[in-house]
Structure formats: C-alpha cells, structure tokens
2 protein chains.
Amino acid sequence: MTIGRLARQAGVNIETIRYYQRRGLLATPRKPPQGVRRYSGETLARLRFIKRAQELGFTLREIAGLLKLGDGSCRETRAIAEHRLTDIETRIRDLQSMRATLDKLVRTCRAGDQPPCPIIASLKHDID
Amino acid sequence: MTIGRLARQAGVNIETIRYYQRRGLLATPRKPPQGVRRYSGETLARLRFIKRAQELGFTLREIAGLLKLGDGSCRETRAIAEHRLTDIETRIRDLQSMRATLDKLVRTCRAGDQPPCPIIASLKHDID
DNA sequence: TTTGACCCCGTACCTGGGTACGGAGCTTAT
DNA sequence: ATAAGCTCCGTACCCAGGTACGGGGTCAAA
C-alpha cells in the first residue's frame, strides 16, 4: 500500500510516518526508479505497536529499543518496561502532591471567596 | 541588585530571567544611559512566586495570569487553579491506568522469564 | 490524455521551558 | 588604570513529538 493508505489505516499523519522513518522506528522501503514506495502489512503492525506502546507511556527512543529487541530478550525488554514503570510512579507521586496542595487551596478559597486570595497568599509566602 | 545577583538569589539562570521578561512575567527595568539595569526585592519575590507556582504544576502562561490578577479577583484566580487541578487529576488517572497495565505485564514477564515476552506480545496483539 | 489526487524531499515551524554563544560595553577591586 | 568579571543583546540551539509547506514527479480513472 502507499504511504497515504498506510497512514489512514494506522490513524496517523503521513508526516508522522516519515518522522518515524527518520527516527529509525520504521524502515523506508526502496523506491523503484519509476514509482512510489509501497508498504506492507508488517509496517502497519509496527505502527500499531508504536501507538500502543505510546499509550503505555513509552518514549519513541524506548519504543525503538523494544522494536529492536523483538521477541528475543525478555530480560532487556522487562528492564525497559521497569524503567518506564518507575518513572510513571514518580510522576504519579509528584502529581498527587500537587493535587493535595492545590485542592486544599481551592477549597479554602471557595470557603472565603474574598481578597486576599489564599491561593495568591500561599504562592507569595510559602516557605522555600 | 544586578541581574546576576538576582539570579543567584532566586536560584535561577540569568537567561531564565531574560526569558521571563520576554514572556511578560517580569518587567524589564529601564537601563540608565550609562550603566546596567538594577532589580528590586520585589522582582525577587516575583521570581520566587513563579517558582512556587511551577512546583504546583502551573504553566508559565497560567502564572502570568495569576500575577496579573494579583490579590484582586479570588474568583478568577480560583478558576485558573481549578483548571490546573482538573488537568492534574486527568493526568493522574491516565498515569495510573498506564501503571496498572505495565505493572501487570512486568509481573507476568518476571514469572515466565522466557520468550515469547508477554510485554512484546501484548503490544503486538492488544485490541485497538 | 488529461486532470485530480497522491507521493517525494528538504526544510522550516510548532509547543514549553528554557540554555548557550559571542562580541561589545560597563563596573569594580586592586 | 587596568584586568577580571559582569551585563546587554540578538540569535541560535536543546528536548520530544510531531506538523506544515512548496515545488516537482507519479498514478489512476474518466
């Protein structure tokens, strides 16, 4: 299939496919002297793999690693996933802490609803 | 004080201060014909305000809004904070869902520890 | 065979939050 | 008064993950 059809099938932009080729996530098939490049269903599967990995939070760099490893090395694949998991857990904790503070401030603000705003006050005076 | 001293006091890079000036978060004091710009403690307080707001997850655009509102409008300030809170909650939920999936995959992988890797298999076959 | 849709390729641009560089002018301590 | 160190200013670059543009080649259906 052509790149346009591949893009539609995968639900990505044509430019994204070219970008992945530049990033080394997808091979660029040979272009016949007369004609355009053709893509196989395998490339489509690879694109879907990339999308699902992105939904799990993997970066393109990590996804390139996963693709290169393939079915071969469970251990190395798991190491990548564990690293991603650790990072996600850190981000969750950071966000939860922000949420707790923000939630408290918003509640206090709603209770008073008049200057001086506790949100502003907190940002001005919080201990460093 | 000079920009270098201000940067050291606030714990930010000089270039960051200039960047904030370009973004409209900080005013650029007039430069005397002979000499360099001088900054007041008020600018330092503003910088610290920005840093604390960043720690709560606010974007620079939002922080510019908070600074413009000042103590004036509790309601508008709260609207910004509520928006940030909603966004943070969404991100937490997304990350928690990623964590759940990843954690299950990593555990399954650890249990088997041989190809075909369940992580790779999952990325290949997940329903769209 | 023509016309409209599609592909190719290089390059530039986008968001967000900065960082780096380099030459010229200014200040400060000795 | 001179050297070291600072400031100023414009511009370019960084990360990630793309998106956009424009001129030329190609393909497919009427």
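First the proteins, then the strands, lettered A, B, ... as listed; each starts at 1. Note that these values count all heavy atoms, side chains included, but never hydrogens, waters or copies made by symmetry.
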Peer 1: Measure from the side chain of B:Arg38, starting at C-beta and using heavy atoms only, and say which of C:dT28, D:dC6, C:dC7 lies closest.
Peer 2: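 From the listed options, C:dT28 comes nearest.
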Peer 1: How long is the line joining NZ of B:Lys31 and C1' of C:dC26, in whole Å?
Peer 2: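 For the pair B:Lys31 NZ and C:dC26 C1', the rounded distance is 8 Å.
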Peer 1: Distance-only, no hydrogens or angles: does the A:Arg52 side chain make a donor-acceptor pair with backbone N or O of B:Lys124 under 3.5 Å?
Peer 2: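 Yes; at least one donor-acceptor contact below 3.5 Å.
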Peer 1: Are A:Asp94 and A:Arg91 within salt-bridge range, i.e. N to O under 4.0 Å?
Peer 2: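 A salt bridge is absent here (no side-chain N lies under 4.0 Å from a carboxylate O).
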Peer 1: Which sits closer to the 5' end of DNA chain D, B:Arg8 or B:Glu15, going by the nucleotide each is nearest to?
Peer 2: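 Result of the comparison: B:Arg8.
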Peer 1: Which of these nucleotides, D:dC8, D:dG17, C:dC6, is closest to any side-chain atom of B:Ile3?
Peer 2: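 Nearest nucleotide to the side chain: D:dC8.
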Peer 1: Of all the nucleotides listed (C:dC7, C:dC8, D:dT19), which has the minimum atom distance to the side chain of A:Thr2?
Peer 2: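 It is C:dC7.
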Peer 1: Check the distance between C:dC6's C1' and A:Ile17's CD1 and give it to me in whole angstrom.
Peer 2: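 Going from CD1 in A:Ile17 over to C1' in C:dC6 covers 13 Å.
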Peer 1: Can you work out whether B:Pro33 or A:Gly4 has the more 5'-proximal nearest nucleotide on DNA chain C?
Peer 2: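 Its nearest nucleotide being more 5', the pick is A:Gly4.
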Peer 1: Among C:dT19, D:dG18, D:dT19, which nucleotide has an atom closest to any side-chain atom of B:Thr16?
Peer 2: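 For the B:Thr16 side chain, the nearest candidate turns out to be C:dT19.
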Peer 1: What is the distance, to the nearest angstrom, from the CG atom on A:Leu25 to the C1' atom on D:dA16?
Peer 2: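 From A:Leu25 CG to D:dA16 C1': 13 Å.
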Peer 1: Check every strand shown and say whether A:Tyr39 touches a base, only sugar-phosphate, or nothing at a heavy-atom separation below 4.0 Å.
Peer 2: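 Here A:Tyr39 touches no strand at all.
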Peer 1: To the nearest Å, how far apart are A:Ile63 CD1 and D:dG18 P?
Peer 2: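 The answer, rounded to whole Å, is 8 Å.
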Peer 1: Test A:Tyr39 against every option in A:Leu47, A:Leu6, A:Leu44 by the side-chain contact (heavy atoms from CB on, under 4.5 Å) rule and name the one that passes.
Peer 2: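 Of the listed options, the one satisfying the test is A:Leu6.
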Peer 1: Quickly work out the B:Leu47 CG to C:dG17 P distance and round it to whole Å.
Peer 2: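 After rounding, the gap between these two atoms is 15 Å.
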Peer 1: Take atom OH of B:Tyr19 and atom P of D:dC8, then tell me their distance rounded to the nearest Å.
Peer 2: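 After rounding, the reported distance stands at 20 Å.
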Peer 1: Which listed nucleotide (C:dC26, D:dT26, C:dG18) is nearest to the side chain of A:Val36?
Peer 2: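 Among C:dC26, D:dT26, C:dG18, the one nearest the side chain of A:Val36 is D:dT26.
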Peer 1: Could A:Lys68 and A:Glu76 be called an ion pair, given the rule that one side-chain N must be under 4.0 Å from one carboxylate O?
Peer 2: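 Judged by the 4.0 Å cut-off on N to carboxylate O distance, A:Lys68 and A:Glu76 do not form a salt bridge.
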Peer 1: Checking side-chain contact (heavy atoms from CB on, under 4.5 Å) for the pair B:Phe49/A:Ile120: CA distance, chi angles, key distance, verdict?
Peer 2: CA-CA 9 Å; B:Phe49 182 105; A:Ile120 298 295; 4.1 Å; yes
Peer 1: Atom OH of B:Tyr20 and atom P of C:dG18: how far apart are they, to the nearest Å?
Peer 2: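 So the two atoms are 4 Å apart, to the nearest Å.
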Peer 1: Report the distance from atom CD of B:Gln34 to atom P of C:dT27, rounded to the nearest whole Å.
Peer 2: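 In whole Å, C:dT27 P and B:Gln34 CD are 7 Å from each other.
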Peer 1: I want to verify a distance call: between D:dG17, C:dC9, D:dT26, whose nearest atom is closest to the A:Leu60 side chain?
Peer 2: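 Of the options given, the side chain of A:Leu60 lies nearest D:dG17.
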Peer 1: Just to confirm, is there a sub-4.0 Å distance from OP1 or OP2 of C:dC9 to any side-chain nitrogen or oxygen of A:Arg37?
Peer 2: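 True: A:Arg37 side-chain N/O within range (under 4.0 Å) of C:dC9 OP1/OP2.
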Peer 1: Does B:Arg18 reach a base, just sugar-phosphate, or nothing at all? Heavy atoms under 4.0 Å.
Peer 2: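 Answer is base: heavy atoms of B:Arg18 come under 4.0 Å of a base.
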Peer 1: If hydrophobic clusters are built from ILVMFWY residues whose side chains come within less than 4.5 Å, do B:Ile17 and B:Val36 share one?
Peer 2: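 B:Ile17 and B:Val36: separate clusters.
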Peer 1: From C-beta outward on A:Arg61, which listed nucleotide comes closest to its side chain: D:dA16, D:dT19, D:dG17?
Peer 2: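 That would be D:dA16.
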Peer 1: Between B:Thr59 and B:Gly35, which has a closest nucleotide on DNA chain C that is more 5'?
Peer 2: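 Looking at DNA chain C, the more 5' nearest nucleotide goes with B:Thr59.
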Peer 1: Could you check B:Arg22 against A:Asn13 and say which one's nearest nucleotide on DNA chain D is further toward the 5' end?
Peer 2: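 Its nearest nucleotide being more 5', the pick is B:Arg22.
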